[in-house]
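Worksheet: the structure to be examined is printed underneath.
Residue numbers begin at 1 in each chain, while the letters A, B, ... track the order of the sequences.
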2 protein chains.
Amino acid sequence: MPQPSRRRRASISDVARLAGVSVGTVSNVLNRPQRVSAATRERVEAAIAELRFVPNGSARQLRVGSMTTAGAIVLDLTNPFFTDVARGMEDRLAQDDWTLMVASSEEDPERETRFLRLFEEHGVQGVALVPSTEDVDRLLALHERGVRVVLLDRPSPVPELASVAVDDVAGAAMAARHLLAQGHERLVFLNGPRTIHQCADRHAGVVAALAAAGLDPHEALEEVTVPLNADGGEQGARELLARRTGRPVAVLCVNDLVALGVLRTLRREGVDVPGEVAVVGYDDVTFAAELTIPLTSVRQPTHDLGWTAADLLVRGGAAESVVFQPELVVRESSGGAA
Amino acid sequence: MPQPSRRRRASISDVARLAGVSVGTVSNVLNRPQRVSAATRERVEAAIAELRFVPNGSARQLRVGSMTTAGAIVLDLTNPFFTDVARGMEDRLAQDDWTLMVASSEEDPERETRFLRLFEEHGVQGVALVPSTEDVDRLLALHERGVRVVLLDRPSPVPELASVAVDDVAGAAMAARHLLAQGHERLVFLNGPRTIHQCADRHAGVVAALAAAGLDPHEALEEVTVPLNADGGEQGARELLARRTGRPVAVLCVNDLVALGVLRTLRREGVDVPGEVAVVGYDDVTFAAELTIPLTSVRQPTHDLGWTAADLLVRGGAAESVVFQPELVVRESSGGAA
DNA sequence: ATTCGTCCGTGAATCGATTCAACCGTGACG
DNA sequence: CGTCACGGTTGAATCGATTCACGGACGAAT
């Protein structure tokens with residue numbers, strides 16, 4: 001008789017052998033305890049405890065299909081916006097006893113693909129992701145293979161995929177209009193790469209607002225591409241300072257982390273905000289209101305975004321497309337506060 | 001011949017049939033392409049493309065054992081401290097092409113257990129976690145079942161488990177000493193539940209510092225237990241304000257989110273910081289320096305913490321116990337800035 | 001006494017990929 | 001011409017849990 005090696009995990013048949021029953025019975029104890037007589041059930045449970053048996057998920061999954069698990073892929077785990085979304089998802093998933101696994105793509109399409117594959121291999125029911133590219137073919141393929149897919153924070157370009165988004169064009173336009181209303185005639189837009197959909201949309205929103213105000217976007221808008229984090233903001237701010245003209249400048253940041261970097265740099269350099277430079281952020285993260293110079297920002301229903309995405313995943317019906325509306329929160333950094 | 005159902009995912013044997021080869025050959029194409037002649041390899045690859053075949057991870061895992069995947073369980077995904085740690089882990093894991101799945105226990109031991117189980121069932125190589133309780137039995141059991149375990153942000157109480165931590169007793173003591181040096185003789189400590197190890201250690205540090213200064217901790221320290229987030233800070237601040245004495249108060253917060261909530265509330269109520277209330281945080285998160293009143297905080301090597309934890313997971317050798325030293329960063333909120 | 005129904009429990013088939021011993025040319029070499 | 005080596009391929013065993021058709025035992029009903 002092969003001695004079960006010290007290192008190997010106990011399997012269901014080890015339990016069965018120890019308890020003197022068949023594997024089928026052990027499985028029944030695990031999944032349908034009522035169908036097993038009290039006496040045998042106790043024997044089996046004792047054996048399980050003795051061997052510290054934990055069922056092998058891969059085997060179960062192979063047999064059964066998939067588990068009540070969802071995956072989320074965000075662009076940057078260190079951005080509070082995304083973690084708030086994740087929190088919203090968790091809150092919804094918890095209601096149905098699903099579990100959420102989170103991964104961060106770092107805006108890298110390859111990492112994103114790897115995680116999609118990983119999640120699929122792990123048999124998740126569905127995936128919510130903030131895509132790092134415009135390409136949805138992989139997602140459609142995934143969807144066809146039976147994995148539910150919800151696009152996060154961007155509308156779905158195809159009817160097959162569900163999506164939950166906030167109107168980025170409108171949000172960016174609001175922010176731009178606000179700065180124009182403060183008397184600025186030129187805007188600097190610290191944006192991320194436009195391959196990211198939100199960045200493209202926010203750019204479009206700014207352009208639209210300028211055009212609507214009768215300004216030529218080519219003249220009135222300068223877009224600077226920076227990394228989507230505080231360092232990116234610092235980098236953008238340095239670039240601005242390098243060619244200081246003395247005239248007031250209006251800076252629109254693609255998110256609050258970038259704005260944080262900008263404010264940090266301007267403060268170090270002793271630049272007056274909003275006098276010399278007006279700053280607007282995007283996302284209205286927790287700390288936006290509490291900064292040295294409270295930050296004007298575009299608020300998004302972050303938690304609801306995640307909640308709704310998870311809801312679509314769990315309900316899994318038709319591919320809905322939900323769009324929320326953002327809201328401008330004016331504070332001191334833009335010079336518009338009372 | 002059974003028609004492969006429209007809904008079912010293609011399996012390796014579907015591919016084999018279509019390509020007119022055996023399953024073994026398909027597997028070879030997938031895993032050891034050199035051993036297959038160019039001609040058959042192309043046929044197989046064509047079949048794979050046509051059927052949009054994606055190997056079933058459960059089956060592979062069942063056969064092979066585990067994957068190059070690690071799990072991380074943190075207390076709160078919306079706390080930048082933990083996401084920075086996760087980022088550190090990812091950076092290390094990327095070097096060895098491992099992937100990281102993150103989960104948030106919300107300080108709930110039951111959720112924690114569920115995730116541990118989930119990760120184990122998914123065959124992760126190892127788990128790094130910030131435990132929500134003192135109890136390490138489950139972790140030891142996990143470890144014995146062959147899953148590598150690293151305790152995050154707290155030293156291991158047992159030699160079998162690896163750990164990466166920051167000296168919380170020292171950090172809290174530094175913070176407390178600093179406040180005492182500013183002339184305060186009583187401290188309010190907004191702490192989380194002491195069942196969480198960091199909270200217990202930081203409390204111990206404060207007590208030690210008071211004792212070392214010749215003060216009676218029972219007299220000089222008031223501990224208020226609050227949730228470990230900004231709302232917790234708000235709650236704590238309200239409690240303080242309710243019994244305002246007019247005398248300056250020193251508040252030590254168990255983390256920067258709590259401090260953020262305190263500052264927010266004090267600002268709304270028009271309380272002078274640091275004049276009326278001095279505030280110290282813990283973690284020195286990104287935005288701590290940029291707040292209305294820049295926050296004095298205890299800096300931890302967050303990224304290194306995660307990096308080192310992941311390193312231990314990947315290397316998987318003996319159960320090391322690494323302890324980093326924190327550092328006090330003095331800013332205005334405590335009244336100690338220059 | 002026979003039949004039927006329940007209740008428990010069994011054991012083999014199944015999921016899909018991996019692995020490895022065995023096999024089959026084909027060409028080289030003695 | 002026989003033997004050997006070797007690259008390429010096969011097919012069956014394997015991983016561990018689930019499921020289901022089947023059977024034994026026992027009590028109740030006819």
| request: For the helix from C:dA1-D:dT30 to C:dG30-D:dC1, figure out the bend between the end axes, five pairs an end, and round to 10 degrees. | output: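 Roughly 60° between the end axes, to the nearest 10°.
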
According to a strict under-4.0 Å criterion, is [X] in side-chain N/O contact with OP1 or OP2 of [N]?
X       : N      : value
B:Asn31 : C:dT18 : yes
B:Thr25 : D:dT10 : yes
A:Ser58 : D:dG16 : no

Nucleotide [N], atom [atom2] - distance to [atom1] of [X] in whole Å:
X       : N      : atom1 : atom2 : result
A:Arg9  : D:dG16 : CZ    : P     : 9 Å
B:Arg17 : D:dT10 : CZ    : C1'   : 16 Å
B:Leu62 : C:dT14 : CG    : C1'   : 12 Å
B:Arg63 : D:dA17 : CZ    : P     : 15 Å
B:Leu30 : C:dG16 : CG    : P     : 15 Å
B:Asn56 : D:dC15 : CG    : C1'   : 13 Å
B:Gln61 : C:dT19 : CD    : C1'   : 17 Å

| message | With a 3.5 Å cut-off and heavy atoms only, can you find an N or O donor on one side and an acceptor on the other between the side chain of A:Arg60 and the base of D:dT18? | response |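 No pair found.
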
| said: Could you work out, with salt bridge (charged side-chain N to carboxylate O under 4.0 Å, His left out) as the rule, every residue matching A:Glu50, not counting sequence neighbours? | reply: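 If we apply the salt bridge (charged side-chain N to carboxylate O under 4.0 Å, His left out) test to A:Glu50, skipping adjacent residues, there are no hits.
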
| message | Going by the rule salt bridge (charged side-chain N to carboxylate O under 4.0 Å, His left out), which residues pair with A:Arg92 if we only count those two or more places apart in sequence or in a different chain? | response | A:Asp96, A:Asp311

| Nucleic acid contacts - residues 40-55 of chain A versus DNA chain C, non-hydrogen atoms under 4.0 Å |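 Heavy-atom cutoff 4.0 Å gives A:Thr40.
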
| task | Sorted by first residue and then second, give each salt bridge (Lys or Arg N to Asp or Glu O under 4.0 Å) pair with at least one member in residues 63-85 of chain A; sequence neighbours left out. | result | A:Asp76-B:Arg87

| query | What is the nucleic acid contact for B:Ser27, judged by heavy atoms within less than 4.0 Å: base, sugar-phosphate only, or nothing? | reply | base

| message | Within the 4.0 Å heavy-atom criterion, would you say B:Val21 contacts the bases, only the backbone, or no part of the nucleic acid? | response | sugar-phosphate

Out of curiosity, [X] [atom1] to [Y] [atom2], how far, rounded to the nearest 0.5 Å?
X        : Y        : atom1 : atom2 : result
A:Leu77  : B:Phe82  : CG    : CZ    : 12.5 Å
B:Arg154 : B:Leu129 : CZ    : CG    : 9.0 Å
B:Arg17  : B:Leu51  : CZ    : CG    : 9.5 Å

Do [X] and [Y] come within less than 4.5 Å of each other through their side chains, counting heavy atoms only?
X        : Y        : result
A:Met89  : A:Leu313 : yes
B:Val158 : B:Leu140 : yes
B:Glu112 : B:Glu106 : no

| query | In terms of side-chain geometry, is the basic nitrogen of A:Glu320 or A:Arg315 positioned less than 4.0 Å from the acidic oxygen of its partner? | reply | yes

Using nucleotides 20-24 of chain C, report all nitrogen or oxygen pairs with the protein that are shorter than 3.5 Å.
none

